[in-house]
Amino acid sequence: MRMKTEVNSNDLMSVCKRRGFIWPSFELYGGVAGMYDYGPTGFSLRNNIVEVWRDIYKGREGFVEIDSETVNPREVFKASGHVDNFEDLITYCTKCQAPFRADHLVKPFYENADVLSASDLEKAFIEHGVVCPECGGKLGPVEEFNLMFKTTIGPGSARIGYLRPETAQGIFVNFLNLYRYNREKLPMGVIQTGRGYRNEIAPRQGMIRMREFNMMEVELFVDPEDKDWVRFKDIENDILTLVPNTGDETVTMSVKEAVDKKIIANRVLAYFVNTTRQLLTRLGINPEKLRFRQHLKDEMAHYAADCWDAEVLLSYGWTEITGIADRGCWDLSRHAEFSGTELTHFKKFDEPKEMEVTKIIAKHKALGPKFKGKAKDISAAMESKTPGDIKNGNLTVNIDGEDIILTDEFFEIATVNEKVSGERVVPHVIEPSHGLDRIFYSILEHAYVFDEEKGYAVLRLKPEVAPIKVGVFPLMEKDGLDVLAKQIYEKVHTPRIEAYYDGAGTIGKRYARMDEIGTPWCITVDYEAFEGKDAGTVTIRDRDSSQQKRIPIDSVPSVIDSLLTGKPFSDL
RNA sequence: GCAAUCGUAAUCUAGCUGGUUAGGAUUCGAGCCUUCCAAGCUCGUCGCCCGGGUUCGAAUCCCGGCGAUUGCACCA
């Protein structure tokens, strides 16, 4: 069989559009770059991808799933760092129009150029004589550009909101709810699918960089001192293809070896790198076109402590489709700081410990007469301080914005024995974050083959993700063949197994149509179903080999079922 | 956002030195035919990206917008 497996993304997009996988959004009105709608087959494929992901994280790992808002108040992204980190200060050359990151231009003159404001930068251009590096022209005003879509919440413009650039924050801001729900235990895994939004300057490469995109995000909260995973030993000998950030070379080694050699930071991160490999290959990503690349130190996101990208080889080159990051305690610490609420895990000691603690004890007798009504607040504030906070014998507390300086007539330092049953720790977060649209597109590229003998494209989708599982045809739409075929269709078509009845045109055309949308099997009712030695049977055709076998009519649903659960066609 | 190239039906494409009923192929639909891999025949549906300008007349020339591809920049 002559097969062409190289993909031209235009050919693939043609098939996708014609066969209802994806459509450029708002084409009726000229289209909008970086936005796509999913058609019936595409949405079905996408849902199947999500189901496999769910099966692994919710099923095997026992994580819980939530759904949170896409519009978030500004505070959330102020805390997460997105407001500042997503906002670039841009300037354009007044002569050649070339755009530049304003802070990059003054980097040589400042230790920390990225803290400068727009007006600081404009002054800095004049002060240091900075001109356009391209043509020497004068630089224009410095403008803000934020990659987040901005909106307002409620009438007026009182409250600023942003469309979320990632779903993760919805999990972090619900940490306490989730933690209670999880009966205050770690590790705690939470998953969420949903849309994210980034106002890309120049969306390119089709579905690879979209302005509105779908994510499947996993946030795993772990004890910072216990970065292991229960099922690690089950997979420690699985083989990973890695590109560590120490060089450019690709290495293959077992998960265990990668951890032992400290290439991957810890066992839990390594486990989920491997889980990502399992997920992607199960979905139909070609294992030979899959690798995990470690982020370079300077490439790491503002929140990441270590990060590995799953990259697949597409017609566009190696493309990131999933990131597995150790976000450390960044997000929870920041939200704790900005919200003023403690977001910690109470880690119980095996045995309560007797500890000697030196602490500040407020002298209420002295405080009361002097501070009257404020005394209660002051004493509470004092006791939350430690002896280390005493400066020059005085202790300063802040009550309602007012600094109150207290001399040692108001407190004493005492050493007491306390029973401590545990400590509070900020959990670390392991985050496998999947770009659903990119995975979707990668699956299509890796499934696409052009069958030169047949003269049309075939999508060799894994049965588990194929939008339609089985086509049901009468050889001719007459002589009762159609009646029987419709009966069979009614039996196999269920909410879980999508079947497709087609009686029009020639049989070859109907097979071709199913091949093109990746339907793995077709049932055909022919005349032998009614007479001769094969009476009571129909044929089942395999997409990838075009082979056919005869199976009893009554067994059709169970045969499809067993094929779907992995039985090879050749074993029928 | 800049530059270059491009934009004709669901898809692929001819026409684009201004005047065509805008041509073909595939797909799609109806029918005939047909006993397993896009067969054949008949009929049919659907199109010049949008807006302005030049002109007696614009798919065709000019300008702007939108979209696509590529390069630059950007991609936390």
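Lettering follows sequence order; numbering is per chain, from 1. Side-chain atoms are counted along with the backbone in the values below, which use heavy atoms only and exclude waters and symmetry mates.
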> With a 3.5 angstrom cut-off on both distances, give the Watson-Crick or G-U wobble partner of B:rA68, or none if there isn't one.
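The base-pairing partner of B:rA68, which may sit in any strand shown, is B:rU5.
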> For nucleotides B:rU70 and B:rG53, find the distance between their C1' atoms and express it as a whole number of Å.
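Per the computed distance, 30 Å lies between those C1' atoms.
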> Using only modelled atom types and a 3.5 angstrom limit, is any donor from either the side chain of A:Arg198 or the base of B:rC75 paired with an acceptor on the other?
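Donor-acceptor pair under 3.5 Å: no.
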> What's the closest nucleotide to the side chain of A:Val32 if the choices are B:rC36, B:rA38, B:rG67?
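Looking only at side-chain atoms, A:Val32 lies closest to B:rG67.
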> Please determine, for B:rA58, whether a Watson-Crick or G-U wobble partner exists with both distances under 3.5 Å, and give it or none.
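Here B:rA58 is not engaged in any pair, so there is no nucleotide opposite it.
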> Is A:Glu212 paired with A:Arg195 through a side-chain N to carboxylate O contact shorter than 4.0 Å?
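A salt bridge links A:Arg195 with A:Glu212.
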> Is the ring pair A:His434/A:Trp53 parallel, tilted or perpendicular, if the boundaries are 30 and 60 degrees?
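Geometry flag for A:Trp53 against A:His434: perpendicular rings.
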> Check the distance between B:rA68's C1' and A:Leu12's CG and give it to me in whole angstrom.
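Distance, rounded to whole Å: 16 Å.
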> Distance check, P atoms only: B:rG57 and B:rG47, in whole angstrom units.
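About 25 Å, rounded to a whole number of Å.
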> Phosphate oxygens OP1/OP2 of B:rC37: is one of them under 4.0 Å from a side-chain N or O of A:Thr506?
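False: A:Thr506 side-chain N/O out of range (4.0 Å or more) of B:rC37 OP1/OP2.
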> For B:rC28, does either OP1 or OP2 sit under 4.0 Å from a side-chain N or O belonging to A:Arg513?
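Answer yes for this pair, as a side-chain N or O of A:Arg513 is under 4.0 Å from OP1 or OP2.
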> Using the P atom as the point on both nucleotides, what is the distance between B:rC63 and B:rU21, in whole Å?
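Pairwise P distance, B:rU21 against B:rC63, rounds to 29 Å.
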> Which whole number of Å gives the distance between the C1' atom of B:rU60 and that of B:rG15?
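It works out to 9 Å between them.
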> Taking atom P in both B:rA3 and B:rU45, compute the distance separating them and give it to the nearest angstrom.
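Here B:rA3 and B:rU45 have their P atoms 44 Å from each other.
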> Inspect the contact between A:Asp571 and A:Lys567 and indicate whether a charged nitrogen and a carboxylate oxygen are less than 4.0 angstrom apart.
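No salt bridge links A:Lys567 with A:Asp571.
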> Figure out the CG/C1' separation between A:Asp534 and B:rU35, and round it to whole Å.
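So the two atoms are 14 Å apart, to the nearest Å.
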> Less than 4.0 angstrom between a side-chain N/O of A:Lys17 and OP1 or OP2 of B:rU11, yes or no?
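It does, given that an N or O in the side chain of A:Lys17 lies less than 4.0 Å from OP1 or OP2 of B:rU11.
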> For RNA chain B, whose closest nucleotide is more 5', that of A:Thr539 or that of A:Tyr36?
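It is A:Thr539 whose nearest nucleotide is closer to the 5' end.
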> Between A:Arg209 and A:Glu200, is there a salt bridge with N-O shorter than 4.0 Å?
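Between A:Arg209 and A:Glu200 there is a salt bridge, with a charged N closer than 4.0 Å to a carboxylate O.
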> Check the distance between B:rU26's C1' and A:Arg18's CZ and give it to me in whole angstrom.
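Between C1' of B:rU26 and CZ of A:Arg18: 8 Å.
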> Which listed nucleotide (B:rC28, B:rU11, B:rC36) is nearest to the side chain of A:Thr524?
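Of the options given, the side chain of A:Thr524 lies nearest B:rC36.
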> Given the structure, check if the side chain of A:Glu200 and the base of B:rC75 hold any donor-acceptor pair shorter than 3.5 Å.
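No, the side chain and the base share no sub-3.5 Å donor-acceptor pair.
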> May I ask which nucleotide in the shown strands pairs with B:rC41, Watson-Crick or G-U wobble, both distances under 3.5 Å?
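Matched B:rC41 with B:rG31 under the 3.5 Å cut-off.
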> Using a distance-only criterion (donor-acceptor N/O pair, under 3.5 Å, no hydrogens), is the base of B:rC74 paired with the side chain of A:Arg209?
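Yes, a donor-acceptor pair under 3.5 Å.
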> Atom OH of A:Tyr511 to atom C1' of B:rA39: distance rounded to whole Å?
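Distance check: A:Tyr511 OH to B:rA39 C1' gives 15 Å.
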> Is A:Glu528 salt-bridged to A:Arg550, cutoff N-O under 4.0 Å?
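Yes, charged N to carboxylate O under 4.0 Å.
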> Report the distance from atom CG of A:Leu28 to atom C1' of B:rA9, rounded to the nearest whole Å.
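Distance, rounded to whole Å: 15 Å.
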> Return the nucleotide paired to B:rC75: Watson-Crick means purine N1 to pyrimidine N3 with N6-O4 or O6-N4, wobble means G-U with N1-O2 and O6-N3, both under 3.5 Å.
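Its partner: none found.
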> How long is the line joining CD of A:Glu531 and P of B:rU35, in whole Å?
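Value for this atom pair: 13 Å.
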> In whole angstrom, what separates A:Phe530's CZ from B:rU35's P?
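Going from A:Phe530 (CZ) to B:rU35 (P), I get 15 Å.
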> Do A:Glu516 and A:Lys454 sit within salt-bridge range, that is, some charged N less than 4.0 Å from a carboxylate O?
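Result for this pair is no, no salt bridge flagged.
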> In whole Å, measure the gap between the P atoms of B:rC62 and B:rU54 for me.
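B:rC62 and B:rU54 have their P atoms separated by 16 Å.
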> Please pick, from B:rU27, B:rC37, B:rC36, the nucleotide with the shortest atom-to-atom distance to any side-chain atom of A:Leu475.
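Shortest atom-to-atom distance from the side chain points to B:rC36.
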> Say we look at B:rC48 and B:rA10: how far apart would their P atoms be, to the nearest angstrom?
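9 Å, rounded to whole Å.
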> Which is true for A:Glu27 with a 4.0 Å heavy-atom rule: it touches a base, it touches only sugar-phosphate, or it touches nothing?
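Nothing, no heavy atom under 4.0 Å.
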> Between A:Asp544 and A:Arg460, does at least one N-O distance fall below 4.0 Å, as a salt bridge requires?
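Salt bridge present between A:Asp544 and A:Arg460.
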> Let me spell it out: for each of A:Gly206 and A:Tyr456, pick the nucleotide of RNA chain B with the closest heavy atom. Which residue's pick is nearer the 5' end?
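Residue closer to the 5' terminus by nearest nucleotide: A:Tyr456.
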> Using atom P of each nucleotide, how far apart are B:rU42 and B:rC33 to the nearest Å?
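Going atom to atom, P in each nucleotide, I get 16 Å.
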> Of the options B:rA38, B:rG67, B:rC37, whose atoms approach the side-chain atoms of A:Arg541 most closely?
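For A:Arg541, the side-chain atoms sit closest to B:rC37.
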> Charged N to carboxylate O below 4.0 Å: is that the case for A:Arg541 and A:Asp515?
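Yes, this pair counts.
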> Could a donor-acceptor pair under 3.5 angstrom be found where the side chain of A:Tyr29 meets the base of B:rC66?
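No, no donor-acceptor pair under 3.5 Å.
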> Figure out the CD/P separation between A:Glu477 and B:rU35, and round it to whole Å.
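Result: 15 Å.
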